[in-house]
Amino acid sequence: MSILLQRSGYLLREKEERLDQAVQSLPEEDVYAPADPFLDLKARVHERLIHELDVARLAEQDPVTVRANVEEASRTLLAAEDVPMARQERLRIIGEIADEVLGFGPIQPLLDDPTVSEVMVNAPDRVYFERAGVLHLSDRVFKDAAHVMRVIEKIVAPLNRRIDERSPMVDARLPDGSRVNAIIPPLAIDGPTLTVRKFAREPYQTEDLIRFQTLTPEIVEVLRACIAMRLNVMVCGGTGTGKTTLLNVVSSFIPPTERIITIEDPAELQLRQRHVIRLETRPANIEGEGQITQRDLVRNALRMRPDRIIVGEVRGGEAFDMLQAMNTGHDGSLTTVHANSPRDALARVENMVLMAGLDLPARAIREQISSAINLVVHLNRMRDGSRRVTHVTEIVGMEGQVVTMQDIFVFQGRGLDDQGRVLGSVHPTGLRPKFSERFDEYGIHLPASLFEGAAA
Ligand SMILES: Nc1ncnc2c1ncn2[C@@H]1O[C@H](COP(=O)(O)OP(=O)(O)O)[C@@H](O)[C@H]1O
Ligand SMILES: [Mg+2]
């Protein structure tokens, strides 16, 4: 099992466990892909085809015509090979050769299939895909490791990225928005590995998160109010706890009339509003030049007359520019940060500001933080895999050197049920948030009982 996981190389961490379970549940005979007796033939025809095709002319035609022409040419070449095969077989091979020439080879049909959410090439003959949360072994195979490499190169070349021994891993995005990670030897011990996380899935909506018990309708109301009041909200939690998903949901409360600028590395948010400008960082090119950081983008965004700035996840020096922006009238901003608790989130932001290299005293940074950030929502991934909001915490001010916070909602666990599911829910603490004093000003009518703690 662990060998398969090692082979799959770098997978997003939150995926690993599921992959683990899924591969374990594969029947033994499924683990070996059938050998394709026509691999050599296909490679031969493909090579001849590349020589004979008039690429310049193909580029002028529409995709359907191009595909028809390539299929016609491979039909002719295949006939010349004079290998006996059934008609079905012949059609399949022609299609596969066309995929090779025009697309990303053996995985192209999986990429085209809307029911497939993820494609993983662990080895030339181990192509897995995920459909409806379940992992399957595909019958599509690569000829050899060099074939996998060619497809990886075909993916990264148009992006002006390079993958070779000196830079053996690369993150990229396909034209349709799918995310690709490739990692090759020497880092991937058993050969080049490719992971494609397809971008198609409808993101979770507010109702989904309520159904999953990630949050309650009451918390949704409070978050709606915070957006209406243009408070600055930060979502925190560990990797894969659902920060980006929650950020997406909270962003949906922003009125469609506002101009939203999103800054991400890489772009993941799927906002429904129309007045959205999406910015994404850029890694350095082959010559090591041209890198654009989140910090560059935040600074640029400020010159774009934003009503809201959303930074997908703050990780570095951009934290400083964001705090400044929040403190100078660009309120109503949203972001996420990787942290273990609301308090930890603030500590991390403080560290990031230090990374910006401005030599500010800690107290000054904390003052900035306490006046900029209004609300922190913390997520946790529970033992049963569910994601829960564990804290909704208001930043109140400063006391001496310390930023003061008060919890408005906290999760109270009651152990596990007999099926191993987490029991418990997120309750109001009984503390009324300070910002509720301004509800009237914004025409917000939330019942005071919303914040009244049940006697715990
Ligand atoms: N509330 C939730 N309940 C169940 N699964 C979730 C929830 N939020 C996110 N997920 C799933 O968890 C994975 C990671 O979500 P994501 O929002 O990207 O996390 P993060 O930004 O914290 O790394 C995704 O596969 C997503 O579909
Ligand atoms: Mg995220």
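Heads up: numbering here begins at 1 and tracks the sequence. Numbering of ligands and ligand atoms starts at 1, following listing order.
Residues Asp307 and Arg259 are not paired through a salt bridge, judged by the lack of any N-O separation under 4.0 Å between the basic side chain and the carboxylate. Under a 4.0 Å N-O distance rule, the pair Arg161/Asp171 does not qualify as a salt bridge. Using a 4.0 Å cut-off between charged nitrogen and carboxylate oxygen, Arg230 and Glu258 count as a salt-bridge pair.
Taking only non-hydrogen atoms, the option from Val235, Leu209, Val389, Thr245 nearest to atom 15 (O) of ligand 1 is Thr245.
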Can you list the steps and then say if Arg421 with Met382 is a side chain to side chain contact (heavy atoms under 4.5 Å, CB included)? CA-CA 9 Å; Arg421 280 182 306 235; Met382 300 298 184; over 6 Å; no

Using the rule given for side chain to side chain contact (heavy atoms under 4.5 Å, CB included), can you reason through Leu215 versus Leu246, listing the C-alpha separation, both sets of side-chain angles and the distance that settles it, and then say yes or no? CA-CA 10 Å; Leu215 36 62; Leu246 181 58; 3.7 Å; yes

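For the pair Arg387 and ligand 1, the shortest N or O to N or O distance falls below 3.5 Å. Distances between N or O atoms of Gly242 and those of ligand 1 include at least one value under 3.5 Å. For ligand 1, the polar-atom distance check finds an N/O of Thr244 within less than 3.5 Å of one of the ligand's N/O atoms.
Residue contact annotation: Gly240 has a non-hydrogen atom under 4.0 Å from ligand 1.
Judged by a 6.0 Å distance limit and a 45° cone about the ring axis, Arg388 is not positioned over the six-membered ring of Phe411.
Short contacts between ligand 1 and Thr214, defined as distances under 4.0 Å to a heavy atom of the residue, involve ligand atoms 1 (N), 2 (C), 3 (N). Of all atoms in ligand 1, listed by their number and element, those nearer than 4.0 Å to a heavy atom of Gly238 are 22 (O).
Among the atoms of Thr244, an N, O or S atom falls under 2.8 Å from the Mg ion (ligand 2).
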